[in-house]
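Working notes for the structure below.
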Amino acid sequence: MDFETADQGRDSACSIALVRVEKGRIVQREHHLIRPPRRTFQFTSIHGISWSQVSDAPTFGELWPQLAACLEGAHFIAAHNASFDAGVLRACCEQAGLRPPSQPFVCTVQVARRAWNLRPTKLPDVCRHLGLPLRHHDALSDAEACANIVLAAAQDATAGFARGR
């Protein structure tokens with residue numbers, strides 16, 4: 001999972017991507033723009049998304065039922081710097097009056113440190129180490145990179161990362 005946000009508020013998601021993995025392979029990719037609760041965009045220079053692109057997009061609350069289906073049966077949700085994405089998900093669910101999913105978050109920063117003893121562990125660094133393509137701050141590219149980091153760690157016998165976790 002990966003979110004891009006419009007401003008400092010955790011409830012300001014303007015883009016979300018989910019990549020579902022089953023039996024060691026990617027089986028579904030979802031990417032959507034989201035109309036955040038405020039028109040303020042502080043991070044357009046980072047992710048390239050502006051109010052004009054999301055003004056007609058669904059709100060998180062309108063979009064979430066469709067996205068929640070992608071998480072059905074998942075053992076966990078992986079994200080890079082998972083505390084950020086978990087916080088955005090909680091804030092967006094709270095703002096929309098929805099219950100957040102119950103799955104635990106797995107942080108791919110921690111996965112990369114444990115599996116390959118990497119430092120630094122910014123997403124571009126981990127992708128470079130693994131030879132993964134990345135368009136950083138494009139939510140779908142970032143989410144797919146996270147899925148591939150988990151898959152690579154699961155395949156690495158020395159990682160100590162349980163596949164079924």
Side-chain angles (χ1 to χ4, degrees), residues 1-22 25-74 76-109 111-112 120-151:
M1 173 181 283
D2 186 72
F3 281 102
E4 298 300 329
T5 56
D7 62 33
Q8 297 286 345
R10 290 281 196 242
D11 65 344
S12 72
C14 60
S15 177
I16 184 173
L18 296 168
V19 174
R20 184 173 177 95
V21 173
E22 293 178 5
R25 57 191 264 288
I26 293 172
V27 297
Q28 183 178 353
R29 293 170 179 85
E30 292 274 343
H31 175 255
H32 300 274
L33 293 176
I34 301 169
R35 186 176 69 243
R38 295 169 297 283
R39 297 173 70 110
T40 308
F41 270 72
Q42 296 174 309
F43 304 130
T44 299
S45 64
I46 295 171
H47 50 57
I49 302 167
S50 65
W51 175 257
S52 64
Q53 293 170 281
V54 300
S55 62
D56 293 328
T59 64
F60 180 85
E62 293 166 342
L63 187 60
W64 184 247
Q66 172 187 340
L67 295 176
C70 185
L71 295 175
E72 285 181 19
F76 62 88
I77 300 169
H80 208 73
N81 290 318
S83 62
F84 172 80
D85 294 280
V88 172
L89 181 57
R90 277 192 307 274
C92 288
C93 284
E94 183 178 312
Q95 198 267 344
L98 301 168
R99 265 186 70 204
S102 60
Q103 291 94 335
F105 270 79
V106 169
C107 182
T108 54
V109 169
V111 170
T121 47
K122 291 183 177 176
L123 191 55
D125 298 313
V126 179
C127 289
R128 199 169 16 263
H129 175 79
L130 295 173
L132 298 173
L134 179 69
R135 289 179 321 281
H136 196 31
H137 298 299
D138 171 286
L140 184 57
S141 182
D142 288 359
E144 190 161 345
C146 289
N148 282 311
I149 291 167
V150 171
L151 288 170

Working to the nearest 0.5 angstrom, can you tell me the gap between Phe3 CZ and Cys92 SG? 5.5 Å
Main chain of Leu67, side chain of Glu30: is a donor-acceptor contact present, judged purely on distance under 3.5 Å? no
Determine whether Cys146 and Met1 make a side-chain contact, defined as any pair of heavy atoms from C-beta on separated by less than 4.5 Å. no
Apply side-chain contact (heavy atoms from CB on, under 4.5 Å) to the pair Arg128 and Leu134, showing each step before the final yes or no. CA-CA 9 Å; Arg128 199 169 16 263; Leu134 179 69; over 6 Å; no
Just verifying a value: how many Å separate Ser15 OG and Gln53 CD, rounded to the nearest 0.5 Å? 10.0 Å
List the atom of Ala145, the atom of Cys127, and the distance in Å for their closest heavy-atom pair. CB-SG, 3.6 Å
Just do the side-chain contact (heavy atoms from CB on, under 4.5 Å) check on Leu63 and Ile34 with the steps written out, would you? CA-CA 8 Å; Leu63 187 60; Ile34 301 169; 3.8 Å; yes
I'd like to know if the side chain of Arg35 reaches the main chain of Val54, judged simply by a donor and an acceptor atom lying under 3.5 Å from each other, with no hydrogens or angles considered. no
How long is the gap from CG on Leu89 to CG on Leu98, to the nearest 0.5 Å? 9.5 Å
So, taking the atom named NE2 in His47 and the one named CZ in Arg135, what distance separates them when rounded to the nearest 0.5 Å? 15.5 Å
Residue pairs meeting salt bridge (charged side-chain N to carboxylate O under 4.0 Å, His left out), one or both in residues 84-95, sequence neighbours left out, come to none
How about Gln42 and Thr5: do any of their side-chain heavy atoms sit closer than 4.5 Å? no
Any heavy-atom pair between the side chains of Val21 and Val150 that's under 4.5 Å? no
Checking the side chain of His80 only, and the main-chain atoms of Thr121 only, is there a donor and an acceptor separated by less than 3.5 Å? yes
From NE2 (His137) to CD1 (Ile49), nearest 0.5 Å: 11.0 Å
Tell me if a side-chain donor or acceptor on Arg10 pairs with a main-chain N or O of Ala86 at a distance below 3.5 Å. no
Just one of Val126, Asp142, Asn81, Ile149 clears the side-chain contact (heavy atoms from CB on, under 4.5 Å) bar with Thr108, so which one? Ile149
Could you tell me which non-hydrogen atom of Ala139 sits nearest to which non-hydrogen atom of Ile16, and how far apart they are? CB-C, 4.2 Å
Quick one, Gln66 and His32 - any side-chain contact, counting heavy atoms below 4.5 Å? yes
Do Ser141 and Glu144 have side-chain N/O donor and acceptor atoms under 3.5 Å apart? no
Heavy-atom closest pair, residues Val19 and Arg29: CG2-CG, 4.3 Å
Testing the basics here: between Glu62 and Thr59, what is the closest heavy-atom pair and its distance to 0.1 Å? OE1-N, 2.8 Å
What's the shortest heavy-atom distance between Ser50 and Thr44, and which atoms? CA-OG1, 3.9 Å
For the student: nearest non-hydrogen atoms of Gln103 and Phe76, plus distance: CB-CA, 4.0 Å
Should Phe60 and Pro36 count as side-chain neighbours, where that means a heavy-atom distance under 4.5 Å? no
For the residue pair Pro101 and Ile77, establish whether any side-chain heavy-atom pair is separated by less than 4.5 Å. yes
Test item: Ser12 side-chain N/O and Asp7 main-chain N/O as donor-acceptor pair under 3.5 Å: yes
